[in-house]
Colleague: 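Structure in structure tokens, see below.
Letters A, B, ... are given to chains in the order of the sequence lines, protein chains preceding strands, and every chain is numbered from 1.
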Amino acid sequence: MDEKLLKPYDPKNTEERIYKLWEDSGFFNPDNLPGERDKAFTIVMPPPNANGDLHAGHTLFITLEDIMTRYKRMQGYKALWIPGADHAGFETQVVYEKKLEKEGRSRFGMDPEDLYKEILDFTLFNKKNMENQVRSMGASCDWSREKFTLDPDVVEKTQKAFIKMWKDGLAYRGKRTINWCFKHQTSLSEVETESTEEVSPFYYFKYGPFEIGTVRPETKFADKYVVMHPEDTRYAEYTHGQKLIVEWINGPIEATVIKDAVVDMEFGTGVMTITPWHSQVDYELAKKYNLDTEQIIGWDGKLLPVAGEFAGIKIKEARPKIVEKLKEKGLLIKVDGNYKNVIKKCYKCATVIEPQIKDQWFVKMEPLAKMALDSVDRGEIKFIPDNYEKIFRYWMENNIDWNISRQIVWGINIPAWFHDDEVVASIEKPDGEGWIKDTDTFDTWFSSGQWPLMVTDFPEGKDFNTYYPTDVMETGHDLIFKWVPRMVIFGLYLGGKAPFHTVYLHGLVNDAKGKKMSKSKGNVVNPLTLTDKFGTDALRMALIVGNTPGTDLALQEDKVKAYKNFANKMWNATRFVLENTKDFTLPENAEYDEEDKKTDEELKELVKEITAEMDEYKFYLVAEKLYHYFWHSFADIIIERSKKKIIENRNADSAKALLLNQLNTLVVALHPFMPFITEEIWSMIPHHENKQKNLLIIQSWPK
RNA sequence: GCGCGGUUAGCUCAGUUGGUAGAGCAACCCGUUUACACCGGGAAGGUCGUAGGUUCGAGUCCUACACCGCGCACCA
């Protein structure tokens, strides 16, 4: 018997050694798997951001995907799990800008190439760190196929996809209202903003004969259109297009009356002035009536010269000053202090988003979203849990054209050129003089949306034929609208097929009290401290048992500890079995006494049950049932019963065969969940299947 | 405002097509028996958020409401 068994199970001295065994075996790569395997099973790992340490959420998704991959590998599939690393465009740039800030530097004024190089070094360093952490979680992914979102072929394919979309009329350059973050000085897509409800003072001002309401007086300098509902009897005397002179912030201006049904007669006074440059609704109106648009707030968040004496002042500081001035001029009527409105903020720095009009690249979403919806209608994509299909549909049905331009260096450059009013999407500089290169980069989701295609070597690689479409996309439920639809769209548009048939969504990993982990609250649990203390297998079990898909999880240390105890239980049970079967050779077909036969059948029944549940992605049930069976049937009943039989030498062979067979089966079935300890135990116990000893990772799932 | 999810034992959560409520942890009592005290045995603990409805029968289906969480929203 192995000496190690005499001491308690020691994850620290086991896990690294076992992982190396697996990696050296080459079995993570399906090309090296033994036996004939005609069916492929593929999972694309959501590439972790290469800009910091892994958190508990990563451990959860790695565990889930590893369970699926190991299960299918044991079932004889060409099981492929493709790892990756994400440069994470804006996210990483934000992390790096914080680092610069600490060092008293700023990205503004830096040479873009130098900045890019610095961030690249930073990212590559973190990438290595991240990969090692993924390894430590036991991920059986094929590192030989790993991709980074800035690999040259990925960059090239991303740019080519963009050019194809431009030629197909699906990507266009246009002026639209975009979400502008002053701090980061870039535009952001809808999913990169967060809306919060706040109470803001709502001001009523006298505007000529009208009374107008606003929360944003600082945008009102150039408001020269006053809008009311055509059927509002209160303002019947005013006609569309009528001009009046009104006294305003910096003196009298000429105002034009616009009558349009967008105005809600019930709201405020039923009259509003518009600021097309800084409001989507207003911009729509301006386009409709061909009105002037003028920028009031600069890209740096300060008022422009149009603001007169307020020029150069930040909007926050300008607001009270402007209100004060209007008050002095007798134009302030009243202030409502209880007005609730929704404010959009940058999801990274919480800077208030300023709508601005800007020339940007947009993806025309409607035809693409329709393709995605049709695919779901045809039943090509299933969601787990299924209520997420609704959310998916909602996003596809209420699509807004997608702004893919980012004014940051960290990302894939948009291959486009400008010449006066001309725009060309091309990697090479177009013929002729005077072309200016677009310096913007793609929204990171533009490239990661193509990820299942990229990692299977679309379009001509051999992996594409074998592994695309992939099988399961396992990811966080918050990515149901950020990432999943974009992958579906690109998969259908470029690859001709939906990129996966099943979307499995996991919930958030929260702290022990169920509160969201965040650095500012200081309740972040580092998974590495837990694995260090209790072992990786224990943490994996704690994250899986009872954790239904789509539901958030409260991570309690006690739970992890419980599965550490379980690992030790397995260890000690193994010791008992080995000690009591030293002089025993396990026959191919064991002969059981009646009692043991019944027990043998019970386990077979359980295996049948859990196999069905594995196929339904109910890992939370399987893990719990195996835990329960191992502890309360195998250890508590079967082992205890065997003691008597062995001592009394009554049906001892039956008992010994049962011990070995049950332990074998349980170790195999538990392997996807607790890969390290099961592999270690497997190496120490005798088994009759596969006479030549081999690693547990490639053993067959019990039938 | 709209949408989604949740509300089951002290805590964290399961509960598959409606048929007498489950697990783990914690707490309690007893126990050092040839694996294991990171253990064993035992007992305790819930009118399943509220109110209606369908049904022979509802934690499970329907309706309304309450509270918690999350997402979405261009009413100035």
Colleague: Identify each atom pair where a protein N or O and an N or O of nucleotides 15-18 of chain B are less than 3.5 Å apart, giving names and distance.
Modeller:
| residue | atom | partner | partner atom | Å |
| --- | --- | --- | --- | --- |
| B/G15 | OP1 | A/Y620 | OH | 3.4 |

Colleague: What do you reckon, are the aromatic ring centroids of A/Y627 and A/Y563 less than 6.0 Å apart?
Modeller: yes
Colleague: Looking across every strand, which nucleic acid part, if any, lies under 4.0 Å from A/A635 by heavy atom: base, sugar-phosphate, or nothing?
Modeller: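 Since a base atom lies under 4.0 Å of A/A635, the category is base.
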Colleague: Please report, rounded to the nearest Å, how far the P atom of B/A35 is from the NZ atom of A/K656.
Modeller: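 For the pair A/K656 NZ and B/A35 P, the rounded distance is 15 Å.
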Colleague: Taking atom P of B/C36 as reference, at what distance in whole Å does atom CG of A/L6 sit?
Modeller: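 Whole-Å distance recorded here is 11 Å.
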Colleague: Find the distance A/F392:CZ to B/G3:C1' and express it as a whole number of Å.
Modeller: 17 Å
Colleague: Starting at the 5' end of RNA chain B, write a dot or bracket for each base, bracketing those in Watson-Crick or G-U wobble pairs whose two distances are under 3.5 Å and using | for partners on another strand.
Modeller: (((((((..((((.....[..))))..((((.......))))......(((((..]....))))))))))))....
Colleague: Assess whether side-chain hydrogen bond (donor to acceptor under 3.5 Å, both in side chains) is satisfied between A/S189 and A/N403, documenting all intermediate values.
Modeller: CA-CA 6 Å; A/S189 68; A/N403 177 357; over 6 Å; no
Colleague: Name every donor-acceptor pair, under 3.5 Å, that has one atom in a side chain of residues 201-213 of chain A and the other anywhere in the protein, sequence neighbours excluded.
Modeller:
| residue | atom | partner | partner atom | Å |
| --- | --- | --- | --- | --- |
| A/K206 | NZ | A/G208 | O | 3.1 |
| A/Y207 | OH | A/D223 | O | 2.6 |

Colleague: Would you call A/K4 and A/D10 a salt bridge, using N to O less than 4.0 angstrom?
Modeller: no
Colleague: For A/K482, check side-chain contact (heavy atoms from CB on, under 4.5 Å) against everything at least two apart and list the hits.
Modeller: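 Here the qualifying residues are A/V191, A/W445, A/L479.
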Colleague: Is there a side-chain contact between A/K345 and A/T351, using heavy atoms and a 4.5 Å cut-off?
Modeller: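 Heavy-atom side-chain distance check fails, nothing below 4.5 Å.
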Colleague: So if I define the base as every atom that isn't primed, P, OP1 or OP2, how would nucleotides 70-76 of chain B read as a B/S/- string at a heavy-atom cutoff under 4.0 Å?
Modeller: -SSBBBB
Colleague: I'd like to know if A/D401 and A/K364 make a salt bridge, using a cut-off of under 4.0 Å between side-chain N and carboxylate O.
Modeller: no
Colleague: Can you tell me, in whole Å, how much space there is between the C1' of B/A51 and that of B/U7?
Modeller: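 Between the two C1' atoms, the distance is 16 Å.
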Colleague: B/U32 P sits how many Å from A/N572 CG, rounded?
Modeller: 20 Å
Colleague: Is A/A554 touching bases, backbone alone, or none of the nucleic acid, heavy atoms closer than 4.0 Å?
Modeller: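 The residue A/A554 makes sugar-phosphate contact but no base contact.
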Colleague: Who passes side-chain contact (heavy atoms from CB on, under 4.5 Å) against A/Q242, sequence neighbours left out?
Modeller: A/Y238, A/T239, A/L244, A/V257
Colleague: Map A/A573 and A/G514 onto RNA chain B by nearest heavy atom, then report which one ends up closer to the 5' terminus.
Modeller: A/G514
Colleague: Going by ring pair (Phe, Tyr, Trp, His ring centres under 6.0 Å), name the residues that satisfy it together with A/Y289, two or more places apart in sequence or in a different chain.
Modeller: A/H240
Colleague: Suppose we call two aromatic rings close when their centres sit under 6.0 Å apart. Are A/F383 and A/F392 close by that rule?
Modeller: yes
Colleague: Under 4.0 Å, heavy atoms only, any strand: does A/L555 hit a base, just the sugar-phosphate, or nothing?
Modeller: nothing
Colleague: Would A/E190 and A/N179 count as having a side-chain donor-acceptor pair, cut-off 3.5 Å?
Modeller: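 Per modelled atom types, A/E190 and A/N179 side chains form a pair under 3.5 Å.
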Colleague: Roughly how far apart, to the nearest Å, are B/A37 and B/G18 at atom C1'?
Modeller: 44 Å
Colleague: Rounded off to whole Å, could you give me the CG-to-P distance for the A/N568 and B/A37 pair?
Modeller: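 Interatomic distance, CG of A/N568 to P of B/A37: 8 Å.
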Colleague: Would you tabulate the pairs of protein nitrogen or oxygen atoms and nucleotide nitrogen or oxygen atoms of nucleotides 23-30 of chain B closer than 3.5 angstrom?
Modeller:
| residue | atom | partner | partner atom | Å |
| --- | --- | --- | --- | --- |
| B/A23 | O2' | A/E624 | OE2 | 3.1 |
| B/G24 | OP1 | A/H632 | NE2 | 3.4 |
| B/C25 | O2' | A/D558 | OD2 | 3.4 |

Colleague: Of all the nucleotides listed (B/G40, B/C39, B/A35), which has the minimum atom distance to the side chain of A/N565?
Modeller: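 The answer is B/C39, which lies nearest to the side chain.
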Colleague: Using the C1' atom on both, measure B/U55 against B/U60 and round to a whole Å.
Modeller: 13 Å
Colleague: Does B/U34 have its OP1 or OP2 closer than 4.0 Å to a side-chain nitrogen or oxygen of A/K643?
Modeller: no
Colleague: Tell me every residue that passes ring pair (Phe, Tyr, Trp, His ring centres under 6.0 Å) with A/Y504, counting only those two or more places apart in sequence or in another chain.
Modeller: none
Colleague: Please report, rounded to the nearest Å, how far the P atom of B/A14 is from the CD1 atom of A/I544.
Modeller: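 Taking atom P of B/A14 as the reference, CD1 of A/I544 is at 13 Å.
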Colleague: Can A/F481 and A/Y394 be said to form a ring-ring contact (aromatic ring centres under 6.0 Å, His included), step by step?
Modeller: CA-CA 9 Å; A/F481 50 86; A/Y394 178 86; 9.5 Å; no
Colleague: Provide the closest heavy-atom pair for A/I480 versus A/P485 in the form atom of the first, atom of the second, distance.
Modeller: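 What the structure gives for the nearest pair is O-CD, 2.9 Å.
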Colleague: Taking the six-membered ring of A/F673, is NZ or CZ of A/R540 closer than 6.0 Å to its centre and within 45° of its axis?
Modeller: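 No, A/R540 does not lie over the aromatic ring of A/F673.
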Colleague: Is it the case that the base of B/C36 and the side chain of A/K569 share a donor-acceptor contact (distance under 3.5 Å, atom types as modelled)?
Modeller: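 Answer yes: a donor N or O sits under 3.5 Å from an acceptor.
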Colleague: What residues, two or more places apart in sequence or in another chain, satisfy side-chain contact (heavy atoms from CB on, under 4.5 Å) together with A/V262?
Modeller: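 side-chain contact (heavy atoms from CB on, under 4.5 Å) list for A/V262, sorted by chain: A/D260, A/M272, A/L285.
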Colleague: Given atom CG of A/D386 and atom P of B/C4, what is their separation to the nearest angstrom?
Modeller: 13 Å
Colleague: Listed by chain and number, what are the side-chain contact (heavy atoms from CB on, under 4.5 Å) partners of A/S642, not counting sequence neighbours?
Modeller: A/F576, A/I646, A/A655, A/L659
Colleague: Take atom P in B/U63 and the same atom in B/C11, then report the distance between them in whole Å.
Modeller: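 Going atom to atom, P in each nucleotide, I get 30 Å.
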Colleague: When rounded to the nearest Å, what value does the distance between C1' atoms of B/G1 and B/C61 take?
Modeller: 29 Å
Colleague: With C1' as the reference atom in both, quote the distance from B/A21 to B/U47 in angstrom, rounded to an integer.
Modeller: 12 Å
Colleague: Mind running a 4.0 Å heavy-atom check of residues 574-584 of chain A against RNA chain B and sending the residues that fall below it, in number order?
Modeller: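 RNA chain B contact set from residues 574-584 of chain A: A/R575, A/F576.
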Colleague: Using a strict cut-off of less than 4.0 Å between a Lys/Arg side-chain nitrogen and an Asp/Glu carboxylate oxygen, indicate whether A/E218 and A/K316 qualify as a salt bridge.
Modeller: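 So A/E218 does not pair with A/K316 through a salt bridge.
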Colleague: I'd like the C1' distance from B/G46 over to B/C36, given in whole Å.
Modeller: 33 Å
Colleague: Could you tell me how far B/A9 sits from B/G45 if I compare only their P atoms? Round to whole Å.
Modeller: 14 Å
Colleague: Whole angstroms only, please: what is the CG-P distance between A/D511 and B/G69?
Modeller: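 Rounded to the whole Å, the gap is 14 Å.
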